[in-house]
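Beneath this line is the structure, given in structure tokens, with notes to follow.
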Protein chains: 2
Amino acid sequence: MAVTLADIAARADLSESTVSRALSAPDKVNPATRERVLAIAKELGYVPNRVARSLSSGRTDLIGLVVPDIANPFFPPIIKAVQARAAIKGWTVLIADIDERAADELPLARTIRRRVDGLVIASPRTGADRLGELAQLAPVVFINREIPGSTSVIIDAGDGMGQAVEHLAALGHRTIAYLNGPRRSWSNEQRRHAVEQTAERLGLTLVQHGPFEPQVQSGVHAADLVLAGEATGVIAYDDLIALGVLARVAERGLRVGTDLSVIGVDDSPMSAMAYPTLTSVHVPGTEAGVTAVDTLLALIDEPDSGPGHVTLETQLVVRSSTGPVAAR
Amino acid sequence: MAVTLADIAARADLSESTVSRALSAPDKVNPATRERVLAIAKELGYVPNRVARSLSSGRTDLIGLVVPDIANPFFPPIIKAVQARAAIKGWTVLIADIDERAADELPLARTIRRRVDGLVIASPRTGADRLGELAQLAPVVFINREIPGSTSVIIDAGDGMGQAVEHLAALGHRTIAYLNGPRRSWSNEQRRHAVEQTAERLGLTLVQHGPFEPQVQSGVHAADLVLAGEATGVIAYDDLIALGVLARVAERGLRVGTDLSVIGVDDSPMSAMAYPTLTSVHVPGTEAGVTAVDTLLALIDEPDSGPGHVTLETQLVVRSSTGPVAAR
DNA sequence: CTGAAAGCGCTTACAG
DNA sequence: CTGAAAGCGCTTACAG
């Protein structure tokens with residue numbers, strides 16, 4: 001069986017209490033005693049039983065991460081960043097993938113919260129009121145969603161989306177299309193809004209399509225809708241949809257960047273590798289993940305600190321899928 | 001505070017023992033008693049404390065899943081399948097992403113094993129001997145790797161790779177290239193071997209490049225190597241590399257499927273959506289995930305059952321990236 | 001600085 | 001079928 005505190009205590013001729021302190025609160029113990037305990041612990045190959053520790057301490061040292069879809073390239077960088085950052089600080093991450101089933105999100109979050117000390121919920125698909133309630137029950141940090149009274153890390157698409165519209169305008173596009181993301185997506189509202197504002201300010205005509213699921217297939221479908229209209233430039237809710245547009249446009253024998261300019265959002269690895277390479281709005285997912293963990297751990301330590309808000313900026317990365325407007 | 005067994009016991013005027021049994025071993029209790037306990041539990045909103053349960057039962061109801069890289073499209077289907085299947089059976093999954101750092105794999109698996117009842121390790125990057133040792137310490141099921149004495153779910157690439165070579169031969173290709181995956185990858189050995197065998201049997205000349213990391217960028221690099229040689233058809237270790245080849249070939253102004261035929265492995269969603277669509281060897285990731293969970297749970301229940309082996313088959317899916325050989 | 005004791009919330013032989 | 005008791009392995013006031 002596994003080595004326990006009792007084993008070390010017996011060997012060191014000390015009480016379990018002292019051994020426990022030597023291991024988890026070294027400053028409350030005589031240095032010499034500590035050394036002896038540590039030596040024996042090492043010799044015996046002691047590894048603390050986390051379950052037992054959890055039961056008495058009330059802490060699990062686990063944080064939960066809820067994501068809409070791990071297969072969506074927007075999330076892996078966030079997931080990796082959360083895991084890496086958590087690991088550095090001695091925490092483990094429990095991931096829940098809701099597979100884009102919005103109705104599963106809240107139940108899953110509620111279940112998992114019983115196992116963890118706090119939650120990071122990325123791009124939640126649930127209504128703000130119910131998310132707010134959840135945040136009452138446990139330390140929660142939302143990524144990419146503002147919930148009144150709750151703590152969140154927001155990626156402000158405004159700058160990047162505005163730059164995208166300005167970029168198209170500068171290339172001579174007068175009518176542009178926006179391909180909406182999922183119906184109840186807060187990110188989509190934010191992105192759409194920024195596009196609308198900038199288009200209006202610059203006097204561009206804006207056409208909208210969707211909502212679309214963030215999948216390549218959606219873009220294939222959307223491409224035909226766009227090509228049936230007047231728009232010469234299109235901004236998609238995300239890179240996946242944009243990649244679908246690219247594929248379909250090429251398939252129809254038209255040239256991306258010439259016949260139709262396409263912009264995505266996320267700046268995912270694929271965007272740099274697509275053909276042609278995809279102009280995209282860079283979204284700092286890694287930074288968001290790191291910040292979310294730091295914020296959450298602070299919240300776990302001090303549950304009564306007020307709601308915090310961190311905002312990260314986005315920025316357009318110009319590649320080959322956008323070019324000067326040409327006659328259709 | 002949260003409702004405990006003691007609260008229910010007090011309210012029902014029963015002992016904690018009986019309440020515990022009513023909840024977790026209903027057949028060991030008087031049906032009427034059980035009903036009463038369940039009603040009160042529901043009324044009070046009782047949710048069992050899993051940490052406490054774990055400590056006394058010795059079970060965590062968690063299984064660990066170690067994957068090389070969640071951003072690699074091969075793994076999300078496996079991850080989702082594992083999570084879904086585990087959830088159905090009342091288990092939660094703890095995911096560890098090693099981010100392709102082979103050296104981190106074993107330490108991570110060892111750490112996480114302390115928190116779970118068993119492990120699924122997908123496409124391990126560690127040496128067989130050390131994996132075998134790990135399997136002595138805890139119930140482990142490997143996906144895509146045979147370890148002597150251990151249990152595994154193998155996706156046999158043989159059939160699919162053979163079909164891929166036959167497909168190219170049937171299209172008239174006489175010299176083909178194979179792009180190797182990671183150096184110590186067991187999957188790569190298996191795939192390469194099948195390609196070599198079939199090429200030899202059919203009298204084709206086989207050129208090899210690599211090893212390459214399973215990333216789009218690798219394929220971009222590999223494409224130039226292939227185009228500098230005689231091969232007219234290329235089989236990549238996976239879809240990501242194949243997609244990189246596609247992009248680079250197009251970028252160089254050549255036509256995929258005409259100037260160069262390209263085949264990937266994984267049949268990931270992108271392969272159906274790439275332009276042109278990618279001929280690929282379908283790998284049953286979802287099935288592998290489901291089977292791995294079932295196998296692991298059986299192993300957890302009966303640690304002494306001998307090592308099991310399940311083999312799943314692969315199959316070529318022909319799309320547009322392969323065509324009859326043309327003059328170079 | 002150290003020890004004895006109680007407790008975290010549940011499970012599970014052992015009696016009755 | 002039910003209850004009292006011990007135990008899972010650790011933490012943490014409380015004394016000394």
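Chain identifiers are assigned alphabetically (A, B, ...) following the order of the sequence lines, protein sequences preceding nucleic acid strands; residue numbering begins at 1 within each chain.
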task = Describe the nucleic acid contact of A:Thr4 in one word from base, sugar-phosphate, nothing, applying a heavy-atom distance below 4.0 Å.
result = sugar-phosphate
task = Name the nucleic acid region contacted by B:Thr33, choosing base, sugar-phosphate or nothing; use a 4.0 angstrom heavy-atom cut-off, strictly under.
result =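 Contact class for B:Thr33: sugar-phosphate only.
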Checking contacts here: which listed nucleotide ([options]) is nearest the side-chain heavy atoms of [X]?
{"X": "B:Ser20", "options": "D:dC1, C:dT2, C:dT11", "result": "C:dT11"}
{"X": "A:Thr18", "options": "C:dT2, D:dG9, D:dT2", "result": "C:dT2"}
{"X": "B:Ser24", "options": "C:dT11, C:dA4, C:dG9", "result": "C:dT11"}
{"X": "B:Leu55", "options": "D:dT2, C:dG9, C:dG3", "result": "C:dG9"}
{"X": "A:Arg53", "options": "D:dC10, C:dT11, C:dC8", "result": "D:dC10"}

Would you kindly give the [atom1]-to-[atom2] distance between [X] and [N], to the nearest whole Å?
{"X": "B:Asp61", "N": "D:dC8", "atom1": "CG", "atom2": "P", "value": "20 Å"}
{"X": "A:Leu5", "N": "C:dA4", "atom1": "CG", "atom2": "P", "value": "15 Å"}
{"X": "A:Asp13", "N": "C:dG3", "atom1": "CG", "atom2": "C1'", "value": "12 Å"}
{"X": "B:Asn49", "N": "D:dC8", "atom1": "CG", "atom2": "C1'", "value": "13 Å"}
{"X": "B:Leu14", "N": "D:dA4", "atom1": "CG", "atom2": "C1'", "value": "14 Å"}
{"X": "A:Arg36", "N": "C:dT2", "atom1": "CZ", "atom2": "P", "value": "9 Å"}
{"X": "B:Glu16", "N": "C:dC10", "atom1": "CD", "atom2": "C1'", "value": "8 Å"}
{"X": "B:Asp27", "N": "D:dT2", "atom1": "CG", "atom2": "C1'", "value": "15 Å"}

request  = Determine the minimum heavy-atom distance between B:Glu105 and B:Ser123, stating which atoms define it.
outcome  = OE2-O, 4.3 Å
request  = Before giving the answer on side-chain contact (heavy atoms from CB on, under 4.5 Å), spell out for A:Val120 and A:Val153 the whole-Å C-alpha distance, their side-chain angles and the decisive distance to 0.1 Å.
outcome  = CA-CA 10 Å; A:Val120 173; A:Val153 176; over 6 Å; no
message = Using Watson-Crick or G-U wobble geometry with both distances under 3.5 Å, which nucleotide pairs with D:dA15?
response = C:dT2
query = Under 4.5 Å between any side-chain heavy atoms of A:Leu38 and A:Leu23, yes or no?
reply = yes
inquiry  = Working note: A:Ile79 + A:Ile95, criterion side-chain contact (heavy atoms from CB on, under 4.5 Å); need CA distance, chi angles, decisive distance, verdict.
reply    = CA-CA 8 Å; A:Ile79 296 172; A:Ile95 299 171; 3.5 Å; yes
request  = Using a strict 4.0 Å threshold on nitrogen-to-oxygen distance, state whether A:Asp99 and A:Arg125 make a salt bridge.
outcome  =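 The answer is no: the pair does not qualify as a salt bridge.
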note = Note: for B:Arg21 and B:Ser56 on DNA chain D, the residue whose nearest nucleotide lies more 5' is B:Arg21
inquiry  = Any side-chain N or O of A:Tyr46 below 4.0 angstrom from OP1/OP2 of D:dC10?
reply    = yes
